[in-house]
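We count ligands from 1, going down the list as the structure has it; atoms in each ligand are counted the same way.
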Amino acid sequence: MANSGKSPDFDAVVIGAGFAGLGMLRRLREELGMSVQVYETGDEVGGTWYWNRYPGARCDSESYIYCFSFSKELLQDWNWSGKYPEQPEILAYLNHVADRFDLRRNIQFNTRVTSARFLENANLWEVETDQGDRVTAQFLITAIGCISAGNVPDIKGLDSFQGEWYHTGSWPHDKVDFAGKRVAVIGTGSSGVQSIPVIAQQAGHLTVFQRTAQFTIPARHGTVDRKFLEEEVKPHYAEILEKAKWSAAGFPLDPSERSALEVTAEERLETYEAGWAKGGFGFVFGSYSDIRTDRRANDTVSEFIRSKIREMVKDPETAEKLLPTDHPFGSKRTLIDTDYFDTYNRENVELVDIRHSPIREITPKGIRTEDEEYEFDIIVFATGFDAMTGTFFKMDIRGRNDLSLKEKWSEGPKTYLGLQTAGFPNMFMITGPGSPSVLGNMPVCIEQHIEWIADFLQYMRERDIGAVEADADAEAAWVSHVNETAEPTMFMLANSWYLGANIPGKPRVFMPYAGGVGNYRKKCNEIADNGYEGFILDSGSRGKAASAT
Ligand code: NA7
């Protein structure tokens, strides 16, 4: 459909139908009365939880806090079964939300946005898709996820491999049969750590190719505690959510205020043991306040986890390879696992340290490292994503003066609050680089962006403002603040996807905002209360769509 007159085809185009896209669509349509078109590449809703169907895929946030908060009824009605929700259950939840709030009618599935161009004279975005759509909208809102562009490393010979291979982030919808097969998993990040124990139970033989040994904390997963849910969560959802909103990482946890260096070694050990027994992210937030900022404090927890690995893994040589010694705990994404280290005690599991013996090529039969050749029926790439910017760059997004986003961000992403980037008026990013989202509980972060963006659009409409754009100076100041905030943290001491270090040639820039979810919310609110300080408000052509649907 082309733009036929002065009015745009839609008030807003939203890209993506995961948590962010669904929530944004509902808010704009139901509360602002806007006409919205969502484009989604998949043939269903779900985003991350549509694509990541690998064995063992589940969320590291506890289920009762991994949800939308906009509907009290939804919060009360939905019953999770797992303490940590598994992928099929989260997908079922998102499908339920789509049905319950009648969201599908504004979503076009099987459609990838290929380009978006800002039409300066009209203050509109023109969006094109791979299905031949060409539409205009006043607002362009990206809800594309932060970890959605899969990274299959460029290893020589992959095309020649005669077996099957898969990337965890675009897993087939039909079950992959590992029974009796010789399987390789490359990568030991979240996806590897979750899938390895499950694949090991099914495969004939599993070989794990590890580049970096990981710190991981036991999840202590199980079925959901019904009594806890009915008595402690559901009657108090409002307070729980409020606490999560203002917390450091979007969880309703009470962070410890003690320093690890103030207490005796015995007391520390007791705290770490208690946290380890309880499992999950509480281990991090409930122990000591400085383990993520002070190297000496961090050493105590890093060493504690190493001692646990030595205890859990029976073969001393394997245990030694599994010890993370080149980065402190918490400098890469904190991992939560179920039986990860125990898996290496199985007869059918082998660990190959590719830091010391790198993969040279993939052969028709398997994988050749510097020292050996291995034969496989299936190779699983748990090798992560071109995070935070990769999905943006798959589209040709152009702002003022035909400037492409890829060119603007060639030295790393530059945003104001992670919500807008100068030169791209009326384009908003949900969980964009420069926001804390990937360091926190996603739905809490996503909903904050949805609410903030919707309030801004409402403000614009009430004042007849046609376009808003981040001011270049405000953006530069925010980029500096993001960098300064990350500088004293452990995050700077590892090669992680937060820094783009997993993608050859990607600029080494810390992309998320490490100042905390609650602090960030406060800053966003202050900026809004000050008349959207740092944004240029242009009262030119308003570009409202003809009718809301
Ligand atoms: P991650 O966390 O980026 O992990 C990818 C893993 O793959 C990690 O162990 C990498 O080693 C390894 N990797 C990456 N490239 C290669 C190559 N070329 N050769 C060998 N090994 C490689 O991705 P996940 O999918 O596990 O998790 C992504 C996020 O999803 C996660 O953080 C959660 O937020 C949810 P490295 O550590 O870089 O040496």
Side-chain angles (χ1 to χ4, degrees), residues 18-19 47-49 51-61 66 84-85 87 90 145-158 165-171 184-196 207-216 219 249-250 281 321-322 324-327 330-337 340 351-362 367-370 379-388 390-391 431 436-443 445 491 493-506 508 511-512:
F19 260 101
T48 291
W49 301 107
W51 297 104
N52 285 267
R53 294 167 187 248
Y54 59 83
R58 79 165 62 111
C59 180
D60 291 341
S61 302
Y66 197 75
Y84 295 94
Q87 176 269 333
I90 306 173
C146 306
I147 312 163
S148 40
N151 164 44
V152 177
D154 186 15
I155 304 175
K156 191 175 103 187
L158 180 57
W165 68 266
Y166 306 98
H167 184 274
T168 50
S170 50
W171 200 260
V185 173
I186 306 177
T188 53
S190 295
S191 309
V193 160
Q194 288 188 340
S195 60
I196 285 164
T207 309
V208 177
F209 291 83
Q210 172 193 272
R211 185 163 75 179
T212 306
Q214 292 275 13
F215 293 98
T216 140
F281 287 132
K321 284 191 216 166
L322 287 166
T325 49
D326 64 348
H327 64 282
S331 56
K332 285 163 99 75
R333 160 69 149 76
T334 300
L335 307 184
I336 309 285
D337 76 275
Y340 177 66
L351 178 67
V352 177
D353 173 1
I354 52 171
R355 174 65 55 87
H356 294 106
S357 178
I359 295 175
R360 286 297 170 223
E361 64 176 325
I362 295 185
I367 295 175
R368 194 198 318 274
T369 65
E370 187 128 309
I379 300 176
V380 174
F381 288 92
T383 42
F385 299 84
D386 184 353
M388 306 208 76
T391 312
T431 68
S437 47
V438 291
L439 302 179
N441 182 27
M442 269 290 176
C445 299
F491 291 127
L493 304 178
N495 288 322
S496 68
W497 58 259
Y498 297 137
L499 280 157
N502 61 329
I503 302 295
K506 193 165 173 173
R508 194 179 172 89
M511 293 181 284

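- Between Y166 and W171, the ring planes are tilted. Angles from 30° to 60° get that label.
- K321 is linked by a salt bridge (charged side-chain N to carboxylate O under 4.0 Å, His left out) to nothing, counting only residues two or more places apart in sequence or in another chain.
- In terms of heavy-atom proximity, N502 sits nearest to F385 at ND2-O, 2.8 Å.
- A search for ring-ring contact (aromatic ring centres under 6.0 Å, His included) contacts involving F381 returns W165, not counting sequence neighbours.
- Annotation: the span from I155 atom CD1 to I186 atom CD1 amounts to 4.5 Å, rounded to 0.5 Å.
- In terms of the side chain to side chain donor-acceptor pair (under 3.5 Å) criterion, residue partners of S357 (sequence neighbours excluded) are, by chain and number, T369, D371.
- For ligand 1, the protein residues within 4.0 angstrom (heavy atoms only) are I147, P153, I186, G187, T188, G189, S190, S191, R211, T212, K332, R333, I354, A382, T383, G384, F385, W497.
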